[in-house]
Amino acid sequence: MNKINQFISNPNLLWQYIKQYATQTGRETTRLMLELYYVVKAPSTPIMDKTIIIAALAYQLLPNDLMSRKKYGVLGFVDNAATLAIAYNRVKHRITPGIKRQVDTTLNEWFEQERT
């Protein structure tokens, strides 16, 4: 819970974790996480939605899961996917064309070597 509080109080820390996570998960999973991140940063996003998004993103980035990948194998990804899906479905209507452009720009910077 302490790490989630750190993410809430310091969005730059969340940004660094997403960037690090991107190298492990690939472009499309990172797209979803970045969309959620930019929705959190939008001033018009209600605090409840921000809290749900931060909790879902933090769950992806924290080392301990309810269903460990080591113990449960592929099923260990289910809880991670479910948390992202719940958050995304709640706020997908808040993903504006501007947020999509920001996400595309960031992905192009981070995954530039894939495009060449």
Side-chain angles (χ1 to χ4, degrees):
M1 195 66 168
N2 188 33
K3 190 63 106 173
I4 292 174
N5 289 334
Q6 288 176 352
F7 288 144
I8 291 170
S9 64
N10 186 355
N12 290 329
L13 180 62
L14 183 58
W15 179 259
Q16 291 304 315
Y17 272 89
I18 291 171
K19 190 172 183 178
Q20 179 183 351
Y21 191 79
T23 62
Q24 300 168 6
T25 61
R27 188 178 182 102
E28 290 311 308
T29 300
T30 303
R31 175 182 302 282
L32 175 74
M33 293 179 80
L34 286 172
E35 287 173 343
L36 292 172
Y37 174 80
Y38 284 118
V39 169
V40 164
K41 290 192 61 155
S44 61
T45 303
I47 192 69
M48 181 56 78
D49 287 350
K50 289 182 179 191
T51 302
I52 290 168
I53 292 168
I54 289 171
L57 290 174
Y59 189 74
Q60 306 310 304
L61 305 169
L62 296 174
N64 298 328
D65 285 348
L66 291 176
M67 294 179 62
S68 163
R69 285 177 223 140
K70 286 182 180 179
K71 186 173 182 179
Y72 296 102
V74 173
L75 289 177
F77 289 104
V78 171
D79 59 335
N80 291 73
T83 57
L84 282 177
I86 290 166
Y88 185 81
N89 282 329
R90 175 157 178 128
V91 300
K92 64 184 174 189
H93 65 281
R94 297 189 179 283
I95 301 170
T96 64
I99 287 175
K100 288 181 182 185
R101 281 192 300 277
Q102 287 179 301
V103 168
D104 287 338
T105 299
T106 302
L107 289 172
N108 288 338
E109 289 172 10
W110 290 358
F111 293 93
E112 186 174 348
Q113 64 274 11
E114 286 181 5
R115 295 183 319 138
T116 57

[X] [atom1] to [Y] [atom2] distance, which is reported to the nearest 0.5 Å:
| X | Y | atom1 | atom2 | result |
| --- | --- | --- | --- | --- |
| Tyr88 | Ile95 | OH | CD1 | 4.0 Å |
| Leu57 | Leu32 | CG | CG | 8.0 Å |
| Leu36 | Leu84 | CG | CG | 6.5 Å |
| Glu35 | Gln102 | CD | CD | 11.0 Å |
| Thr45 | Ile99 | OG1 | CD1 | 6.5 Å |
| Arg31 | Trp110 | CZ | CH2 | 12.5 Å |

Notebook entry, point to check: When Val91 is tested against each of Ile86, Ile53, Ile52 for side chain to side chain contact (heavy atoms under 4.5 Å, CB included), which residue passes?
Noted result: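 Looking at Ile86, Ile53, Ile52, the match for Val91 under the side chain to side chain contact (heavy atoms under 4.5 Å, CB included) is Ile53.
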Next item on the list: Please tell me if the side chains of Lys19 and Leu34 come closer than 4.5 Å, counting only heavy atoms from C-beta onward.
Entry: no
